[in-house]
Amino acid sequence: GAIETLTKMADVMGLIDSMGYEKALLSVGSAINTLTSSSVAAGEPIVDMLSRLAGVGVSAGISTDELLALSAASDAAGLSAETAATSLSQFIVQLKTETEAVAKAAGISANSLKQLIDEGKTMEAVVAVFDGLSKKGGIEALAPVMKDLGGAGSRTINVISNLMSNVDDLKSMLDISKTSFEEATSVTQEFNVKNENAAALVERMANEIKEAFVNSDFVSVITSVVRG
């Protein structure tokens, strides 16, 4: 179910250890709710894509709110979760291993791009490449970088092309997701849930919310459960 999926992803991303069940689910839920209410993206494909990107997100230093925004932007652009997640995972690997070639293709400074990656700002590096490609007016230059992936490289270029064309939407979603994610963390302090057993809370949430993450009322449902 929805809560089980979100709980697993929150655990993979290290949110449960750092924030606890309640805050982690409220933060993720708030970001999903805001992203879906401010765009044509839907909750189910966002969660589907998040589950596929969580592993590469952890290894590449991409935060949960950034992955949620990337997932929402992909869905809003009409990309399937499976195709987009696979392609973006491959692109991120190429970005980190072929930084100079990717920078050249995007017409941006290789040193600046490498610095972003070294500082753990991988999502900023991704956006910088999309920005560069968009300003350059074409994605053909990226083809040689992805040639070793064969057919998968072609699919990846198609996904990057779509996101490149909608880079301003991605930037907006990154801001929205970050704000919503952080605000939900502070909001939970008002609900005085810290004394309730976390496992019992999650079980009760799972029973009552079910697939509510696809609805615009996701956060209000969660907060009403937490208030209990």
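These figures come from a predicted structure and were not determined experimentally.
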I'd like a table of donor-acceptor pairs (distance under 3.5 Å, sequence neighbours excluded) in which one partner is a side-chain atom from residues 122-130, with atom names and distances.
residue	atom	partner	partner atom	Å
T122	OG1	A60	O	2.4

Item to check | Pairwise distance CG(D75) to OG(S39) - rounded to 0.5 angstrom | outcome: 7.5 Å
Item to check | Side-chain heavy-atom pair L95, L113 within 4.5 angstrom cut-off | outcome: yes
Checklist entry - What residues form a side-chain contact (heavy atoms from CB on, under 4.5 Å) with T83, not counting sequence neighbours? => result S80, S87, V159
Next on the checklist: Hydrophobic clusters here meaning ILVMFWY residues chained together by side-chain heavy-atom distances under 4.5 Å, can you tell me if L116 and V102 are in one?
Outcome noted: no
Item to check | Shortest non-hydrogen contact from S71 toward L50 | outcome: OG-N, 3.7 Å
Checklist entry - Atom CD of E183 and atom OG1 of T34: how far apart are they, to the nearest 0.5 Å? => result 8.0 Å
Next on the checklist: Pairing donors with acceptors under 3.5 angstrom, does anything connect the side chains of S63 and D65?
Outcome noted: yes
Item to check | Test item: S27 side-chain N/O and F181 main-chain N/O as donor-acceptor pair under 3.5 Å | outcome: yes
Checklist entry - Around E100, counting heavy atoms of other residues, nucleotides and ligands shown, do more than 12 lie under 6.0 Å from its CD? => result no
Checklist entry - For the residue pair G14 and S18, what are the closest heavy atoms and their distance? => result O-OG, 3.1 Å
Item to check | Positive for side-chain hydrogen bond (donor to acceptor under 3.5 Å, both in side chains) with D118, one of K114, K121, Q115 | outcome: K114
Next on the checklist: Between S180 (side chain only) and I176 (backbone N and O only), is there a donor and an acceptor less than 3.5 Å apart?
Outcome noted: yes
Item to check | Residue pairs involving residues 24-39 (criterion salt bridge (Lys or Arg N to Asp or Glu O under 4.0 Å); sequence neighbours excluded) | outcome: none
Next on the checklist: If you apply the rule side-chain contact (heavy atoms from CB on, under 4.5 Å), what do you find for L163 with L79, and how did you get there?
Outcome noted: CA-CA 9 Å; L163 292 172; L79 300 168; 4.3 Å; yes
Checklist entry - Under the side-chain contact (heavy atoms from CB on, under 4.5 Å) test, which residues partner A69, sequence neighbours left out? => result M173, L174, S177
Item to check | Side chain to side chain, M9 and V47, heavy atoms closer than 4.5 Å | outcome: no
Checklist entry - Quick one: do K178 and E182 make a salt bridge, cutoff under 4.0 Å? => result yes
Checklist outcome for this item: CG (D11) and CG (L15) are apart, to the nearest 0.5 Å, by 9.0 Å
Checklist entry - Sequence neighbours excluded, which residues qualify as side-chain contact (heavy atoms from CB on, under 4.5 Å) partners of A85? => result M49, R52, L53
Checklist outcome for this item: The reported gap from OG in S51 to CD1 in I46 (rounded to nearest 0.5 angstrom) is 12.0 Å
Next on the checklist: Looking at D168, is its backbone amide N or carbonyl O close enough to the side chain of S172 to form a donor-acceptor pair, meaning the two atoms are under 3.5 Å apart?
Outcome noted: no
Next on the checklist: Working to the nearest 0.5 angstrom, can you tell me the gap between L170 CG and S134 OG?
Outcome noted: 11.5 Å
Checklist entry - For A31 and L68, which heavy atoms make the closest approach, and how far apart are they? => result CB-CD1, 3.7 Å
Item to check | Any residue meeting side chain to side chain donor-acceptor pair (under 3.5 Å) with D169, in chain and number order, not counting sequence neighbours | outcome: none
Checklist entry - Is the closest side-chain heavy-atom distance between L133 and V167 below 4.5 Å? => result no
Item to check | Approximate separation, where rounding is to 0.5 Å, of L70 CG and I92 CD1 | outcome: 6.5 Å
Checklist entry - Could you walk me through whether M13 and L67 pass the side-chain contact (heavy atoms from CB on, under 4.5 Å) check? => result CA-CA 10 Å; M13 297 300 295; L67 288 180; 3.7 Å; yes
